[in-house]
Every structure is written in structure tokens, then in C-alpha cells.
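Comments concern the structure below.
We use all heavy atoms of the structure for the numbers below, so side chains are in, but hydrogens, waters and symmetry mates are not. All chains are named by letter (A, B, ...) in the order of the sequence lines, taking the proteins before the strands, and each is independently numbered beginning at 1. Values in this document were obtained by computation on a predicted structure and should not be read as measured data.
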Amino acid sequence: MADIALNPRPARKRIGDVTAWQRLKANRNWLGIWFMLPTAAFLLLFLAYPLGLGIWLSFTDARIGRGGNFIGLENYEWLWGDSVFWLSVFNTLLYTGVASVIKFAIGLYLALLLNQHMPFKAIIRALVLIPFIVPTVLSAIAFWWIYDSQFSILSWSLKKLGLISQNIDFLGDFWNARWSVIAANIWRGVPFIAITLLAGLQTVSPALYEAATIDGASRWQMFRHITYPLLTPIIAVVMTFSVLFTFTDFQLIWVMTRGGPVNATHLMATLGYQRAIGGGYLGEGSAIATAMIPFLLAAILISWFGLQRRKWQQGEAND
Amino acid sequence: MASVTCANVRKSFGATQVLHGVSIDIRDREFVVLVGPSGCGKSTLLRMIAGLENISSGEIRIGERVVNHVPPKERDVAMVFQNYALYPHMTVADNMGFSLKLRSAPRREIDERVKLAADILGLTPLLARYPRQLSGGQRQRVAMGRAIVRDPQVFLFDEPLSNLDAKLRVQMRTEIKELHQRIETTTIYVTHDQIEAMTMADKIVVMHDGMVEQIGAPLHLYDHPDNLFVAGFIGSPAMNLLPGRITANGGGGFEGPGGARLPLATAPNGSTGQRAIYGVRPEHFSLADDGAEAVIQIVEPTGSEIQVSAKLGGADITAVFRERHQFKPGDKVRLRPDARLVHLFDETTGKRLNA
């Protein structure tokens, strides 16, 4: 021991001799950054850059084919006085509000139904997913036909039943068109909510229902006091997503009505696209798209604060 | 409070029958433990009493009322589940008061009864917590509190201690027994742990393969097992069961494995030469010069006693001594069972032969 202590091996470097590069290689925090770099680059390139560019464009008078000059808030000032823009805001809020509420109601009902024991459970669950799997453009085209002013199967069936005497003008009438596209959106959006809520329902321990049965709870009381409160975290998440998807919907509307008749179904997304790509006014289109951001942020914040209040599922072991 | 009667109760899941006609009488205020190995049907029976499973045939009565078709909430029973089944989104107080809230009891009455139950169980400082902030033992107590608050006719416990660690299990065992002595509600308790059954029960029901093997007070089952199953199931370490032949009845003997000669106080008349199983509990061996020769294999001192695994005529046996003998593996000893405490069972039917 003593000999070794007296003769330090010269080959071994002292701590101070380690190069900065070696230290970086060994540092766990740096290692973390190395691993995150590819993802970060991807996100920056494909999400942050387009978003930033879009916001920048909204402050310019860019048109297709020529770069724009910075014009400050002029695009927004112009939109502020534009009744079509405000109509699209109203349409978007109506579309999102009505569709989300109904999608939630039907989705929750379906989830509760699918959570029961029944024959062919797996097949039925798979069938429920179909609207979600079919490409949106295809289902939009199908709905376009269903709503066609001459060949609508709905009008035909109702006529055969003797309930109406002439075809319903689903997509030609102001309010008919609005309800029709909302119905199509609901049809498309329900499976996502139903399946996600079903997954949530399956995490609720059956023993809780047995305990509640013995405690004397009726079916409704079990739903009200057990199922619903335990489902609220997943409801918050799934409804946030649903609201975001619905608010930014584009495909269904564009295929079925292109915003018509007379802008009755124009959403902010379709109007922005029409102004930017159709009309060539990139700056103005970008301003419409950018105007969606506050609404989306509000939706996210509401669910964020809604989620935070659920103390029972958070990690506060000792308070 | 009420008595509970099961009369020839049967249960089938599809074509599989899991309970083959079970009859049990439980008196008012009695603490009855249903015990048996996994899959013996004891939990199913408990759930049938609770109303969580329907009854295929037979009759279950709580008090004087036949409850076969009475929904659980009208049976006035409270159940403590193995995994506690506490509502995770409710505080301890809300968990305990939930059943009263469902009955629209006045807020003040709920608070009073919750407080009373919390006092009994020492839960008062925890009333505002959520289940996930509690330890296993505390959760267990909340589950019991939820049952006490309701002041039911019958308490049902479904393996309530099996999720706890060993030390806590012993502690909660005492607490449950103490609780029963204090509030004297008829209690039916399911467990697979025969020690729990022995220590807690007024009356034990030993079940096996959907049938009742024996019903009786703990010590009665220990001293007079009716059959081989009960003999082997009750008691730890388990009873030694040695196959062999009765050599002479009326103060005769028993020829055990490898021709070992074992003493026998009584045997049924005319049973000489009959093949039988000779049962002797580990603590009923003593060292004696005229005992059967055994070779010691393993010595396990526990402090209060010494447990010895040995070979007796080729058969493995266990013996327990309170005295601190200095045994070593390989030692040859002469062991003599206490003839008065020997159990004799029929080799084919497993039924008890001696009185």
C-alpha cells in the first residue's frame, strides 16, 4: 500500500487534465441534449419555421409570385372591417361548439355501450372506428352525394316514406348547409372520442362498481359519482384534441361546400386558404390563419387548468 | 344484526359447477371464517351472500328473510374488498360517507357517523386525504370504516389482509378481531390463510372444491379434524400424514413407512390389518428410547422452538420441540408420537377413523 502511494503512476491523468470535449461526452445533461437534437431539428424545421413564417407573412403584403414588404398590422385592420371574416369566425365557433358537444355526448354514450358485455364485442368496436379510418376526402365526397340536391339518398328515402314531397336542398340553403356539414363532422369525429373514452372506462376497476353496488348506488348514481369523475382527466384530453381538430377543420368543408352558399359554411381555415392560395393574397390569408391561434390557445389553457385541479390523481403523497 | 343461513347453496358458471350444495348456519354476532385453498368457492359464496353473484339453487337467508332475489343494496350488508376498492377521487371522509350520501342522509348525520367510525379506527387525522396518499394499512382501515359507517346487519370480508405485508397483517388481524368484539356485528370473513382463520374465528368453515369439509370452533378443528383434508390444511407446520397398516386395535400399534412401529391408543374394532393414514402433529413428537428411528435432515430454530425435518422409515416428517435440543443434520433420534393425540384416517375415503 505504502509503496503504491509513494509512486503515483504517471500514466494516469489528473482530473484537471481531462479535455473539455471529454467532459462534454461524459456529461449526462449534454448526452440528453445530443439525443434530443434530431427531434428538435425536425420540430424546428417542420413546425416552428412554418408557424413563424406564417406569422411573419401576416405582417406583409406578400402575394403569390412576389415577396412582400412589412406593412405592420394593416392586414389585421383590413380583416377587422371585413364582414366575411367575421362571418367565418362565427361559423367556426358554431361549427366547433355544436359539433364538439354532440360528438362528446354520442361518443360517451357509445363508449358506455361498448364497455358492456355483449356478443361480437371486438367486431363492433372495430366497426365503430370505420368513420375514423376512411380518408376524410372520401367520406366528404360520400356526404356530398348524400346531401346532393338531386340524387340525395336522404331526400329519396324521406320521399318514399311520404314525409316530404320535394328534395331537401341540403347544401344550397344557408342554415341547412351549416347543419349538414356539422353532421358530417360529427359522424367523422365520434369514433375518436368513443374509442378514447372506452379506453378510459376500461381503466376503472370493476371492484369500484361492486363496492358502489353494495353501498347502494343505482346505475345513474354509479355513472354520476364513479364513472364520470374518474373519466374527467381523459375527457379533458380528448375534448381538447377534438376542439382543436374541429376548429381547424378544412377538408370536409372544402370538398362539400367550398365555404358556400354565400360563405355560410366558410370556416377560418377555408377562408384563409381561399384568400391566400385561391386569391393569391398570402399576407391576408396568413393573417386569418394567425387569428386562429388565440382561440386555440384559449382552448388549450381551459383544459390545462381544468386538468390541474384534480388533486386526487397527482403525486402529493404527503401534504 | 342478524343470523345468516346458507341452505344447500349451489353455484354454476355455465356448465361448471363451483359450489356443490353448501349449508352453513351463522348465528347472530358470530365471527365466521370461510377458509380453503384458492378456487374452493369461498369467495364466490361470500359474493353470493353480498348479492354480487346470483344463486343457482338453494337458499340464502339473512335474518328471517330469504335474499335470493333481493338486490345487494337492500340486503343491508357491508363488504371489505381484497383491493379495498376505495373511490380514488373521494377523500377518506367522502369514501366513508358515500353510502349515506346515496341514501340522501342529512349532511350532519353523515358527518357524525363518519367521525364516529374514524374515531374507532384512528382515522380522524386522515379524513381529508385521498386514498392514494394513504399506506396499505390505512387504506385497509378506510375500507373497514366505510363498512362500519353503514351499521349493517352483516360484515363481509373478502381476503382483506392479503395485500398487506406480514407484520401489518398480524396487526390488522388483531384490530379486526378487536373491532368485532367492540361492535359485535355478524361477520363473515374469507381467507386462504389458516392462521388468520384460527386466530380470528368463533367458527371456521373449511371449504374444498366447492364443498364444506368441516365446520367447527378453531381448536376443535385442530384437535379433531374430520378428514384428511382438514387435517392437512389446519395447523402450521402441517400435520404429518404417514401411510401404513393398523397392526392391532385396542391399545395396539401402527406399522408406518419402512416398517416403523408407531403407537396407537385406540382404533375401531375389527380394523386390525386395515390400511390407514396415521396423522400426528409436529409438536406431538417427543424423544423416547422406544420411539421410531428417524434421521435428522434440517434443523430450523425459530427462537421459541426448534423445527426439525427428518426421515422416518423413508417418509419426510416434521417435528417441533419447545426444548432446545442440540440436533445436527445426520443425527439419529428416536421419536415417539403421543398415542392419545394421534389421528387415524381411512386411506380411501379420507374419513377420520378414531374417536
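For B/Leu86, the part lying under 4.5 angstrom from a heavy atom of chain A is the backbone only. Using a 4.5 Å cut-off between heavy atoms, B/Ala147 makes no contact with chain A at all.
Proximity to chain A among residues 98-106 of chain B is limited to B/Phe98, B/Ser99, B/Lys101, B/Leu102, judged by heavy-atom separations below 4.5 angstrom.
Judged purely by atom type and a 3.5 angstrom limit, B/Tyr87 uses its side chain to pair as donor or acceptor with the backbone of A/Ala212.
Taking all atoms of both residues into account, the shortest heavy-atom contact from B/Arg150 to A/Ile214 is NH1-O, 2.9 Å. For the pair A/Gly216 and B/Lys73, the tightest heavy-atom approach, listed with the atom from each and the gap, is CA-CB, 3.2 Å.
Surrounding CZ of A/Phe192 are more than 12 heavy atoms belonging to other residues, nucleotides or ligands, all under 6.0 Å away. Heavy-atom neighbours of A/Phe90 CZ from other residues, nucleotides or ligands within 6.0 Å: above the threshold of 12. Few gaps surround CZ on B/Phe13; more than 12 heavy atoms of other groups in view lie less than 6.0 Å from it.
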Candidate pair A/Asp215 and B/Arg146, rule side chain to side chain contact (heavy atoms under 4.5 Å, CB included), full reasoning: CA-CA 9 Å; A/Asp215 272 343; B/Arg146 196 163 64 178; 3.9 Å; yes
A/Glu210 and B/Arg47: CA distance, side-chain angles, deciding distance, side chain to side chain contact (heavy atoms under 4.5 Å, CB included) verdict: CA-CA 10 Å; A/Glu210 292 185 342; B/Arg47 291 166 59 84; 2.6 Å; yes
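When each of A/Leu208, A/Ile226, A/Val204 is tested with B/Pro88 by the rule side-chain contact (heavy atoms from CB on, under 4.5 Å), just one qualifies, namely A/Leu208.
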